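A quick write-up on the structure given underneath.
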Amino acid sequence: MSFSSNSPILCNLPRVTIVGAGRVGSTLAQRIAEKNLADVVLLDIIAGMPQGLALDLVEARGIELHNRQIIGTNNYADTSGSQIVVITAGIPRKPGMSRDDLLKTNAKIVVEASKNAIAHSPNAIFIVVTNPLDVMTYLAWEATGLPRSRIMGMAGVLDSARFETFIALELGVLPADVKAMVLGSHGDLMVPLSRYATVNGIPITELLDATIIARLVERTRNGGAEIVELMQTGGAFFAPASATSVMVESILLNQSRLLPVAAYLQGEYGLEDVVIGVPCRLGCGGIERVLELNLTDEEREALHTSAQSVRKNIERSQEILINN
């Protein structure tokens, strides 16, 4: 028995480029491929590393029952025509470091990666994962010149998942039954909205007292640092990769999911010219809508405080880039 074809059939399959083949990037490549969402290009500056990771993932295709193409490369030309570009490249946090401590090094990395990626995929939607995330998303927006609908940061999905996890652990309930929303920067000044958190529709304020909720909010704010301190040699990567894959899935499948993401604001929540975490509807065009929640005075003040911190770091990063 033989198989033959007069000419190859070329299919226009979606392609996602991941810049940075570290733990987050490589785990995200696995998530995307095994969800059968898109072909993946894994790019890194270290010769051989993305190629080796891609080969390892390809060898698992028969076991995981998918046939997505996974390419490892050090050349941006191989990323051409990507529908989505995810930037995870940068140095990770070490114990005692804040996300803002990463500013100087990662600013240069993200700007260079953004410019190189947009040159080969001018129609792509960009998702930034590198920390400090809100600032890096703003720098990528500046570097690419993209409309705000096509550039965003992964933050709120991860922070909300952490809040949901801690609530579920406290109550001993199924995590899937817990829904929560976290706004603001991806850092110590994030704004978990306790009154929007529910367990199967029941507000957690009916299930937990204020002291316990305050403790869970504080643990959420320090969720990333807690993992860094425990691991000592790196930070979280499983949950960040899962959070990013949810965003990729909503865009590629045009699901129009309402998710908290770091977005460039133009007057929403009384904020201008800053990237901050807010609920957005994600579809095939990227950010289809920014939803403005009715916040209490206290919540609004906390969001503005968070935005002020991000704006200061944006200004610092711009000075760094000009002077170097």
Side-chain angles (χ1 to χ4, degrees), residues 23-24 27-28 30-32 34-35 37 93 99 127 129 131 133 152-232 234-250 253 255-262 276-282 291 293-296 298-299 302-303 306:
R23 285 176 164 180
V24 175
T27 305
L28 176 60
Q30 179 185 22
R31 296 273 194 272
I32 292 171
E34 292 180 0
K35 281 185 173 183
L37 293 175
R93 275 204 291 176
R99 294 179 178 92
I127 300 174
V129 182
N131 279 317
L133 190 142
M152 66 199 76
M154 184 291 298
V157 177
L158 172 61
D159 295 328
S160 298
R162 286 173 172 163
F163 194 22
E164 291 165 356
T165 296
F166 301 146
I167 293 169
L169 290 173
E170 186 69 31
L171 290 170
V173 299
L174 190 69
D177 288 342
V178 183
K179 300 300 177 186
M181 179 73 67
V182 177
L183 307 187
S185 64
H186 185 50
D188 300 339
L189 295 175
M190 68 179 67
V191 187
L193 298 178
S194 301
R195 65 193 183 92
Y196 281 99
T198 62
V199 180
N200 265 349
I202 302 171
I204 63 167
T205 51
E206 298 290 322
L207 304 170
L208 297 168
D209 65 39
T211 302
I212 294 175
I213 292 173
R215 172 167 54 81
L216 299 182
V217 165
E218 192 61 24
R219 191 179 183 189
T220 300
R221 288 182 174 136
N222 295 309
E226 182 178 357
I227 292 173
V228 170
E229 289 297 326
L230 288 168
M231 292 178 63
Q232 293 293 308
F237 57 95
F238 288 127
S242 292
T244 308
S245 73
V246 166
M247 296 169 65
V248 169
E249 184 174 23
S250 187
L253 301 185
Q255 293 177 331
S256 293
R257 291 192 64 180
L258 188 64
L259 299 170
V261 304
I276 201 78
V278 292
C280 298
R281 191 173 69 188
L282 297 189
L291 177 67
L293 299 174
N294 292 318
L295 301 181
T296 64
E298 183 179 0
E299 290 165 346
L303 184 62
S306 187

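Along the sequence shown, residues carry numbers from 1. Bear in mind that the values here come from a model prediction, so they are computed numbers and not experimental data.
- Remark: side-chain polar atoms of S306 are paired, donor with acceptor, to backbone N or O of S185 under 3.5 angstrom.
- Annotation: side chain of R195 is in contact with side chain of E299 (closest heavy-atom distance under 4.5 Å).
- In terms of heavy atoms, G277 sits closest to L303 at O-CD1, 4.3 Å.
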**OP:** Decide yes or no on side-chain contact (heavy atoms from CB on, under 4.5 Å) for V261 and V278, but give the supporting numbers first.
**Re:** CA-CA 6 Å; V261 304; V278 292; 5.9 Å; no
Subject >> Verdict with reasoning, V178 to F163, per side-chain contact (heavy atoms from CB on, under 4.5 Å) >> reply: CA-CA 9 Å; V178 183; F163 194 22; over 6 Å; no
Original post:
Can L158 and H186 be said to form a side-chain contact (heavy atoms from CB on, under 4.5 Å), step by step?
Top reply: CA-CA 9 Å; L158 172 61; H186 185 50; 3.9 Å; yes
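- A side-chain donor-acceptor contact under 3.5 Å links D209 to the backbone of I212.
- A donor-acceptor pair under 3.5 Å is formed between the side chain of R221 and the backbone N or O of M190.
- Without hydrogens or angle criteria, T27 side chain to F237 main chain gives no donor-acceptor distance under 3.5 Å.
- By the neighbour-count criterion of 12 heavy atoms within 6.0 Å, atom CD of Q232 is densely surrounded, having more than that number from other residues, nucleotides or ligands.
- With S250 contributing its side chain and L282 its backbone, the two residues share a donor-acceptor pair below 3.5 Å.
- When every heavy atom of P260 is checked against every heavy atom of M181, the shortest pair comes out as CB-SD, 3.5 Å.
- Using a 3.5 Å distance cut-off with no hydrogens or angles, the side chains of S242 and R31 do pair a donor with an acceptor.
- Heavy atoms only, all atoms of each residue included: V217 and S194 are closest at CG2-OG, 3.5 Å.
- Checked by atom type and distance alone, the side chain of D177 never pairs as donor or acceptor with a backbone atom of V173 at under 3.5 Å.
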**OP:** Take E249 and R257 through the salt bridge (charged side-chain N to carboxylate O under 4.0 Å, His left out) test and state the conclusion after the steps.
**Re:** CA-CA 10 Å; E249 184 174 23; R257 291 192 64 180; 5.3 Å; no
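- Within the 4.5 Å cutoff, the side chain of R281 has heavy atoms near those of the S256 side chain.
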Subject >> Derivation of the side-chain contact (heavy atoms from CB on, under 4.5 Å) call for V191 and V182 >> reply: CA-CA 6 Å; V191 187; V182 177; 5.8 Å; no
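- The minimum heavy-atom distance linking L133 with A262 is given by the pair CD2-CB, 3.7 Å.
- Residue L208 comes nearest to I213 through the heavy atom pair O-CD1, 3.7 Å, listed as atom of the first residue, atom of the second, then distance.
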